[in-house]
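Written out below as C-alpha cells is the structure these notes cover.
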Amino acid sequence: VYFYSAPENFNEEMLRGKRVIVTGASSGIGEQMAYHLARMGAHVLVTARTEAKLQKVVERCRELGAASARFVSGSMEDTAFAEEVVKEAENTWGGLDMLILNHIGHSYFNYFDGDVDHIRKLLETNFLSYVAMTVTALPMLKESEGNIVVVSSVAGKAPGPFAAPYSATKFALDGFFSSLRHEFIIENVNVSITLCILGYIDTDNAMQAVSHAIKVAPSPKEECALEIIRSGALRQHELHYPPGILGTAGSLRYGHKIWHKDKLLSLSWPQTPSS
Ligand SMILES: NC(=O)C1=CN([C@@H]2O[C@H](COP(=O)(O)OP(=O)(O)OC[C@H]3O[C@@H](n4cnc5c(N)ncnc54)[C@H](OP(=O)(O)O)[C@@H]3O)[C@@H](O)[C@H]2O)C=CC1
Ligand SMILES: C[C@H](CCC(=O)O)[C@H]1CC[C@H]2[C@@H]3C(=O)C[C@@H]4C[C@H](O)CC[C@]4(C)[C@H]3CC[C@]12C
C-alpha cells in the first residue's frame with residue numbers, strides 16, 4: 001500500500017525553486033538533466049571530475065533560467081567527496097529536495113578480463129558513492145519529503161554479455177535502493193526512490209563504446225533526461241526508458257543483436273517477433 005499520495009500529472013512548475021543535485025552532469029544525460037532543471041527554474045548543483053566542462057554547464061544553466069547554479073568537482077571514487085557534495089548543498093541551500101544519482105566510472109564493453117581491482121573501483125564509484133550521498137542527504141530529504149533518483153540500466157535488470165563489471169554495479173543499486181524503498185514505506189519515511197532502467201541512449205561515451213557492436217538506433221538523451229526528472233517528481237518506483245525496453249519476462253527488447261569482431265552473436269535471450 002502506498003502510504004503517501006503521489007502526484008498524478010507532471011507539470012514543469014513542480015521543479016520551480018526546488019534544490020537539486022545532479023551527479024555526472026558534465027556530459028551526457030546528466031548534462032541534459034541540468035539544462036531541463038534550469039529551464040524549469042530549479043536551483044542546481046552539478047558535479048563530476050572535469051571542472052572546465054562543469055563551468056560551461058553552470059553558465060548554460062544560468063542562461064536557461066536556473067534559480068541558481070553552481071558546481072563542485074571531484075571524483076566519486078572517494079566516498080568522502082560524495083559526502084562533501086551533499087554538505088555543499090546543505091551549506092548553500094540549508095536543505096535539499098531532489099538527489100539525482102547518475103555518474104558512472106569508466107568501464108569496458110568486452111569479455112570480462114579477470115581484473116578484480118577494476119570491479120572494486122567501479123563499485124566504489126557506481127554504487128558506494130550513491131549510498132554515501134543518500135546517507136548524508138537523508139535528513140534533508142526527510143525534512144523536504146523529497147526524491148532520490150537512481151539512474152540504472154537494462155544491464156542492471158537483464159544481464160547481457162560484455163558488461164560484467166558495470167552490470168554488477170547496477171544490480172547492486174537495484175538490490176540496495178529497492179530494499180531501502182520497502183523500509184521507507186514500513187517506517188513512513190516520505191522520501192521517494194525512483195530507479196531508472198535505461199536502454200541504449202545516444203550519449204557520446206556510450207556510442208563510442210558500443211556503436212560498433214549494437215546497430216539499433218539509440219534513444220535521444222534530451223528526452224531521456226526529461227523522463228528521468230518527470231518520473232522522480234511523480235515519485236514513481238521505476239522508469240523504463242525507452243518505453244517497453246524490458247519485455248514481459250524481463251528480457252531485452254533488441255539486446256540479443258550484438259556484434260563482436262564482425263560476427264553477429266546468437267545470444268540466449270528470448271526472441272521477439274520483430275527479431
Ligand atoms: N548512455 C547509455 O546508453 C546508457 C546510460 N545509462 C546510465 O545513464 C547514466 C549516464 O550515462 P551517460 O550520460 O551515458 O554517461 P556519460 O559517460 O556521458 O557521463 C558520465 C558522467 O559521469 C562523470 N564521471 C565519470 N567518472 C567519474 C568519477 N570517477 N567521479 C565522478 N564523476 C565521474 C563524467 O564526468 P567526468 O569525466 O568529468 O568526471 C560524466 O559527467 C549512467 O548512470 C549510465 O549507467 C544506462 C543505460 C544506457
Ligand atoms: C545491449 C544493451 C541494449 C539492449 C537494448 O535492448 O536496448 C545496451 C543498453 C544499455 C547499454 C549499456 C549501458 O548501460 C551504458 C554503458 C555505458 C558505457 O559508457 C558503455 C557501455 C554500456 C555498458 C552500455 C552497453 C550496451 C547496453 C547494455
Side-chain angles (χ1 to χ4, degrees), residues 22-34 46-57 71-79 81-82 85 100-110 121-122 124-130 133 149-171 173 195-222 224-225 227-228 239-247 250-260 265 267 269 272 274-275:
V22 186
T23 72
S26 66
S27 65
I29 301 164
E31 178 183 2
Q32 297 306 317
M33 286 195 277
V46 294
T47 181
R49 292 168 306 174
T50 318
E51 192 169 330
K53 286 190 192 172
L54 290 171
Q55 188 90 55
K56 285 190 182 155
V57 172
F71 73 85
V72 194
S73 60
S75 176
M76 291 288 178
E77 249 181 68
D78 176 7
T79 44
F81 173 71
V85 174
I100 304 183
L101 300 165
N102 166 76
H103 62 276
I104 44 167
H106 180 73
S107 192
Y108 53 87
F109 188 72
N110 212 327
K121 268 194 197 149
L122 209 61
E124 292 279 353
T125 306
N126 293 8
F127 173 62
L128 285 175
S129 68
Y130 282 42
M133 289 187 84
V149 177
V150 177
V151 181
S152 186
S153 163
V154 292
K157 280 281 185 193
F162 308 135
Y166 171 83
S167 183
T169 66
K170 293 299 193 185
F171 267 79
L173 289 175
L195 183 70
C196 304
I197 307 300
L198 308 183
Y200 184 23
I201 312 297
D202 66 358
T203 64
D204 292 347
N205 286 341
M207 296 206 314
Q208 214 170 3
V210 299
S211 59
H212 64 285
I214 297 168
K215 301 297 178 190
V216 295
S219 301
K221 58 182 183 283
E222 297 82 0
C224 175
E227 285 304 306
I228 294 173
L239 164 71
H240 290 187
Y241 179 88
I245 184 69
L246 285 175
S251 56
L252 288 179
R253 200 174 48 161
Y254 42 66
H256 49 276
K257 289 183 179 168
I258 291 185
W259 291 81
H260 188 71
L265 296 180
L267 301 172
W269 284 309
T272 60
S274 62
S275 59

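Throughout, numbering of the chain's residues begins at 1 and tracks the sequence. Just so you know, ligand 1 is whichever comes first in the structure, and atom 1 is the first atom listed for that ligand.
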Closer than 4.0 angstrom: is that true for some heavy atom of [X] and an atom of ligand 1?
{"X": "Phe81", "value": "no"}
{"X": "Gly74", "value": "yes"}
{"X": "Ser152", "value": "yes"}
{"X": "Pro218", "value": "no"}

So is [X] polar-close to ligand 1, meaning N/O to N/O under 3.5 Å?
{"X": "Ser26", "answer": "yes"}
{"X": "Asn205", "answer": "yes"}
{"X": "Leu198", "answer": "no"}
{"X": "Thr125", "answer": "no"}
{"X": "Ser75", "answer": "yes"}
{"X": "Gly30", "answer": "no"}
{"X": "Ile201", "answer": "yes"}

Numbering the atoms of ligand 1 from 1, which are under 4.0 Å from a heavy atom of [X]?
{"X": "His103", "result": "22 (O), 32 (N)"}
{"X": "Gly28", "result": "13 (O), 18 (O)"}
{"X": "Ala206", "result": "1 (N), 2 (C), 3 (O)"}
{"X": "Ala25", "result": "41 (O)"}
{"X": "Tyr200", "result": "3 (O)"}
{"X": "Thr203", "result": "1 (N), 12 (P), 13 (O), 14 (O)"}

Counting heavy atoms only, name the option from [options] that's nearest to [atom].
{"atom": "atom 4 (C) of ligand 1", "options": "Ser219, Gly199, Ala209, Ser153", "answer": "Gly199"}
{"atom": "atom 5 (C) of ligand 1", "options": "Leu101, Thr23, Thr50, Ile29", "answer": "Ile29"}
{"atom": "atom 16 (C) of ligand 2", "options": "Tyr166, Phe162, Tyr200", "answer": "Tyr166"}
{"atom": "atom 28 (C) of ligand 2", "options": "Gly28, Ala155, Gly160, Ser219", "answer": "Ala155"}
{"atom": "atom 8 (O) of ligand 1", "options": "Ile245, Val154, Val151, Leu54", "answer": "Val151"}
{"atom": "atom 19 (O) of ligand 2", "options": "Gly156, Ala206, Gly105, Pro218", "answer": "Ala206"}
{"atom": "atom 33 (C) of ligand 1", "options": "Met76, Arg49, Glu31, Gln32", "answer": "Arg49"}

Go through ligand 2 atom by atom and flag the ones less than 4.0 Å from a non-hydrogen atom of [X].
{"X": "Ser153", "value": "10 (C), 13 (C), 14 (O)"}
{"X": "Ala209", "value": "20 (C)"}
{"X": "Phe109", "value": "25 (C), 26 (C)"}

> Do Ser167 side-chain atoms and Ala155 backbone N/O form a donor-acceptor pair below 3.5 Å?
Replying inline: yes
> Would you say Asn126's side chain and Gly105's backbone share a donor-acceptor pair under 3.5 angstrom?
Replying inline: yes
>> Atom NZ of residue position Lys56 - does it have more than 12 heavy atoms of other residues, nucleotides or ligands inside 6.0 Å?
In response: no
>> Taking NE2 in His106 as the centre, count heavy atoms belonging to other residues, nucleotides or ligands within less than 6.0 Å. Is the count above 12?
In response: no
Specify the protein heavy atom at minimum distance from [atom]: its residue, its atom name, and the distance to 0.1 Å.
{"atom": "atom 22 (O) of ligand 1", "value": "Gly24 CA, 3.5 Å"}
{"atom": "atom 42 (C) of ligand 1", "value": "Asn102 O, 3.1 Å"}
{"atom": "atom 6 (N) of ligand 1", "value": "Tyr166 OH, 3.8 Å"}
{"atom": "atom 19 (O) of ligand 1", "value": "Ser27 OG, 3.3 Å"}
{"atom": "atom 25 (C) of ligand 1", "value": "Ile104 O, 3.0 Å"}

> Where's the contact between Lys170 and ligand 1, heavy-atom distance under 4.0 Å: side chain, backbone, both or neither?
Replying inline: side chain
> Quick one: does ligand 2 sit under 4.0 Å from the side chain of Ile214, the backbone, both or neither, non-hydrogen atoms only?
Replying inline: side chain
>> Can you tell me which portion of Ile245 lies within the under-4.0 Å heavy-atom range of ligand 2? Options are side chain, backbone, both, or neither.
In response: side chain
Within a strict 4.5 Å, meaning less than it, do heavy atoms of the [X] and [Y] side chains meet?
{"X": "Ile29", "Y": "Leu198", "result": "yes"}
{"X": "Ser26", "Y": "Phe71", "result": "no"}
{"X": "Met76", "Y": "Thr47", "result": "yes"}
{"X": "Phe109", "Y": "Ile214", "result": "yes"}
{"X": "Tyr241", "Y": "Ile228", "result": "no"}
{"X": "Val210", "Y": "Tyr200", "result": "yes"}

For a quick test of reading the model, state the closest non-hydrogen atom pair linking [X] to [Y] and the distance between them.
{"X": "Ser27", "Y": "Asn205", "answer": "OG-ND2, 4.4 Å"}
{"X": "Pro165", "Y": "Ser107", "answer": "CB-OG, 4.2 Å"}
{"X": "Thr125", "Y": "Ile104", "answer": "CG2-C, 4.3 Å"}
{"X": "Met207", "Y": "Ile201", "answer": "CG-O, 4.4 Å"}
{"X": "Val149", "Y": "Cys196", "answer": "CG1-SG, 3.8 Å"}
{"X": "Asn102", "Y": "Tyr130", "answer": "C-OH, 3.1 Å"}

Please round to the nearest 0.5 Å and tell me the distance separating atom [atom1] of [X] and atom [atom2] of [Y].
{"X": "Asp204", "Y": "Ser211", "atom1": "CG", "atom2": "OG", "answer": "10.5 Å"}
{"X": "Asp202", "Y": "Glu222", "atom1": "CG", "atom2": "CD", "answer": "6.0 Å"}
{"X": "Glu77", "Y": "Ser129", "atom1": "CD", "atom2": "OG", "answer": "10.0 Å"}

>> What verdict does the side chain to side chain contact (heavy atoms under 4.5 Å, CB included) test give for Ile245 and Lys157, after you've listed the backbone C-alpha separation in whole Å, the side-chain angles of each residue and the deciding distance to 0.1 Å?
In response: CA-CA 11 Å; Ile245 184 69; Lys157 280 281 185 193; over 6 Å; no
